[in-house]
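For reference, the structure discussed in these notes is given below.
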Amino acid sequence: MEHGTRDIKSSTFCLTDEDHTLANALRFTLNQDPRVVFCGYSIPHPSDAQVNIRVQTTGAHAGVVLKDALQNLRAMCQHIRSTMDGTVKEYKLENPPVEAMETEE
């Protein structure tokens with residue numbers, strides 16, 4: 001959901017059912033984009049699962065820039081996941097589980 005004026009290069013977006021986890025990662029990703037002049041987020045109240053993200057751009061449509069950042073963040077997460085899965089699989093192949101030793105009682 002988008003709040004604010006009719007200015008396409010600056011908008012505030014409200015994300016429901018989200019918290020600092022997504023907001024901080026999205027803020028970081030947005031700030032890496034050269035089209036972004038300013039990006040910040042706030043959580044109106046700790047008991048609300050809602051995040052407001054403010055995006056100001058050099059001229060590009062703020063909604064498009066936000067969508068691009070979300071897609072970039074998703075690609076980063078997919079890369080991290082596949083790298084982690086591959087590394088775990090490789091580790092398990094190189095280090096088979098050790099059988100439990102039998103103890104005498």
Side-chain angles (χ1 to χ4, degrees):
M1 180 162 79
E2 186 175 348
H3 296 288
T5 64
R6 298 171 196 253
D7 184 9
I8 64 166
K9 61 183 184 176
S10 63
S11 295
T12 301
F13 301 90
C14 179
L15 306 177
T16 56
D17 296 327
E18 295 299 341
D19 59 15
H20 290 286
T21 306
L22 176 65
N24 195 39
L26 185 55
R27 179 198 55 80
F28 176 82
T29 305
L30 279 162
N31 281 322
Q32 301 301 308
D33 191 325
R35 298 174 293 175
V36 174
V37 175
F38 171 81
C39 176
Y41 77 91
S42 64
I43 295 182
H45 193 276
S47 65
D48 293 337
Q50 177 180 328
V51 175
N52 294 325
I53 297 180
R54 178 74 178 170
V55 180
Q56 293 177 346
T57 69
T58 57
H61 193 289
V64 171
V65 172
L66 178 68
K67 183 179 176 182
D68 291 347
L70 286 165
Q71 290 172 339
N72 289 341
L73 184 58
R74 182 178 183 164
M76 283 188 265
C77 290
Q78 289 172 338
H79 173 72
I80 290 168
R81 179 65 183 254
S82 65
T83 301
M84 180 68 179
D85 289 346
T87 303
V88 168
K89 184 177 179 180
E90 183 180 309
Y91 176 83
K92 287 182 177 180
L93 288 173
E94 293 174 1
N95 301 287
V98 178
E99 293 183 28
M101 293 179 53
E102 292 184 27
T103 57
E104 294 181 32
E105 294 194 32

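Predicted, not measured: the structure shown is a model, and the values here were computed from it.
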field: Contact check, side chains of L26 and I53, non-hydrogen atoms, under 4.5 Å
entry: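 Contact flag for L26/I53 side chains = yes.
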
message: Any heavy-atom pair between the side chains of S10 and R54 that's under 4.5 Å?
response: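 Yes; the side chains approach each other to less than 4.5 Å.
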
Just distance, no hydrogens or angles: give the donor-acceptor pairs under 3.5 Å from side chains in residues 70-80, sequence neighbours left out.
| unit_1 | atom_1 | unit_2 | atom_2 | d |
| --- | --- | --- | --- | --- |
| N72 | ND2 | D68 | O | 3.4 |

message: Using the side-chain hydrogen bond (donor to acceptor under 3.5 Å, both in side chains) criterion, which residues pair with N31? Sequence neighbours excluded.
response: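 Result, side-chain hydrogen bond (donor to acceptor under 3.5 Å, both in side chains) vs N31: none returned.
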
query: side-chain hydrogen bond (donor to acceptor under 3.5 Å, both in side chains) with S47: which residues, sequence neighbours excluded?
result: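 Result, side-chain hydrogen bond (donor to acceptor under 3.5 Å, both in side chains) vs S47: H45.
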
Distance in Å, [X] [atom1] paired with [Y] [atom2], rounded so as to fall on 0.5 Å steps:
X: T87; Y: K92; atom1: OG1; atom2: NZ; result: 12.5 Å
X: E18; Y: N52; atom1: CD; atom2: CG; result: 12.5 Å
X: Q50; Y: D17; atom1: CD; atom2: CG; result: 9.5 Å

Exam field: side chain N24 to backbone H20, donor-acceptor pair closer than 3.5 Å: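 Such a contact is absent between N24 side chain and H20 backbone.
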
- request: Check for a donor-acceptor pair, side chain of T57 on one end and backbone N or O of K9 on the other, with a separation under 3.5 Å.
  value: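 Side chain of T57 to backbone of K9, a donor-acceptor pair under 3.5 Å: yes, one is there.
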
Criterion side-chain contact (heavy atoms from CB on, under 4.5 Å) on L22 and V51, from CA distance to verdict: CA-CA 9 Å; L22 176 65; V51 175; over 6 Å; no

- prompt: Shortest non-hydrogen contact from V36 to L30?
  reply: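 Closest approach of V36 to L30: CG2-O, 3.2 Å.
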
Pair R35-T58, side-chain donor/acceptor within less than 3.5 Å: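 No, T58 and R35 have no side-chain donor paired with an acceptor closer than 3.5 Å.
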
query: Are the charged groups of K89 and D85 less than 4.0 angstrom apart, N to O?
result: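 Looking at K89 and D85, the cut-off is not met.
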
